[in-house]
Amino acid sequence: MKASDLISQLIPHLDYQKAGQGKAPVNIALAKYWGKRNVELNLPVNSSLSISLPDLGTSTQLELIEHSQDTITLNGQALSPDKPFCHRLSRYLDKFRPDATFGFTVNTVNTVPTAAGLASSASGYAALVLALNDAFQWQLDTKSLSILARLGSGSASRSIFKGFSIWHKGETETGLDSFAEPVPTLWPEFCIGLLEVDTEEKAIGSTAGMQRTVEQCDLYQSWPKKAEKDVATIADAIYNKAFTVLGETAENNALSMHATMIATWPPILYWQPESITFMHQVWELRRQGIEVYFTMDAGPNLKLIFLSKDIPAITAAFDSIQIMKPFEEE
Ligand code: PMV
């Protein structure tokens, strides 16, 4: 199925109504999405599970103007349409443009501090879909919003929600059963700490990294089954507030994903020496009885997972850490 056919099943008509706005959080996967079974529809090989960080994310305002070109402003700066960022956004907006004479004016602000080293495509596409839903007055349910966000960036499917969410991989070729939904649990003591190593744009993006791993890595064959098992284990651990199980499973899941990247050819290694130094520090803290775990995405930065009782020990060990409490709104 093509993306345009999927969209026409979700949205009955594309009349222009008014300007719109949307806001969405960044999310950190505790059980990772790695591998696409359909690149056009961003259909994943495996399900994934994440936690959203409500005080970090994207706010987007948009307007649809007849007889104009797209104009995209990011953090107050107008961007040249030749930038890959704008090109990708405009190709996504093409799916919703009533006809080629319409241009979108998009004004997007990331509340992700650049220093946090977090990818903003998840919150970016989720905020954009919410702004489109507002502008076109689609009044879509969260399942449909999650599917549309997925078409922009896979992990954006999870940024429609606060708290924990699961993105079900789905089975069908239509992609209508591949969407995220919230795990309805509050865990006020749950903390995420951001440890920045490098915020430069990565040499290989997640789509290319996934494709190379799926195609070239023998170890990858074991990933889909393990990934699915980890989602179930973490979902259960959230339900039972079993922090040790959650932390061990999340850290092992991230290291397993990175193992498939390292074992592909040519190899992909996002880690830098400081990433490994931080891993050893985390393991040393655990030896001292502090329950802290890490996860890492397609980049060198670490995200620590711990409970609020250990904040003093964590801040003492890592000067530069930024601590987030996902269940405490600003
Ligand atoms: O949504 P994408 O295409 O940026 O891929 C995200 C991939 C990881 O961040 C590595 C894992 C995940 O589940 O977020």
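Order of listing sets the numbers, starting from 1, for every ligand and every atom in it. The basis for the numbers below is simple: all heavy atoms, side chains too, and nothing from hydrogens, waters or symmetry mates.
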Pull out every atom of ligand 1 sitting under 4.0 Å from any heavy atom of [X], numbered as shown with elements.
X	result
Gly154	1 (O)
Met210	5 (O), 7 (C)
Ala298	10 (C)
Ala29	12 (C), 13 (O), 14 (O)

- Pairs in or reaching into residues 275-293: which pass salt bridge (charged side-chain N to carboxylate O under 4.0 Å, His left out), with residues at least two apart or in two chains? Glu251-Arg286, Glu284-Arg287
- Does ligand 1 have an atom under 4.0 Å from some heavy atom of Ser153? yes
Give the table of side-chain donor-acceptor pairs shorter than 3.5 Å for residues 180-194, with sequence neighbours excluded, one pair per line with atom names and distance.
from   : atom 1 : to     : atom 2 : distance (Å)
Glu181 : OE2    : His168 : NE2    : 2.9

- Message: Check this for me: does any side-chain nitrogen of one of Asp70 and Arg97 sit under 4.0 Å from a carboxylate oxygen of the other?
- Response: yes
Is it the case that ligand 1 has an N or O less than 3.5 angstrom from some N or O of [X]?
X	answer
Ser155	yes
Ser206	yes
Tyr33	yes
Arg158	yes

[X]-[Y] side chain donor-acceptor pair, cut-off 3.5 Å:
X	Y	result
Ser50	Arg158	yes
Lys23	Thr111	no
Ser308	Lys325	no

- Item | Over all atoms of both residues, closest heavy-atom pair of Lys32 and Ala254 | CE-CB, 4.1 Å
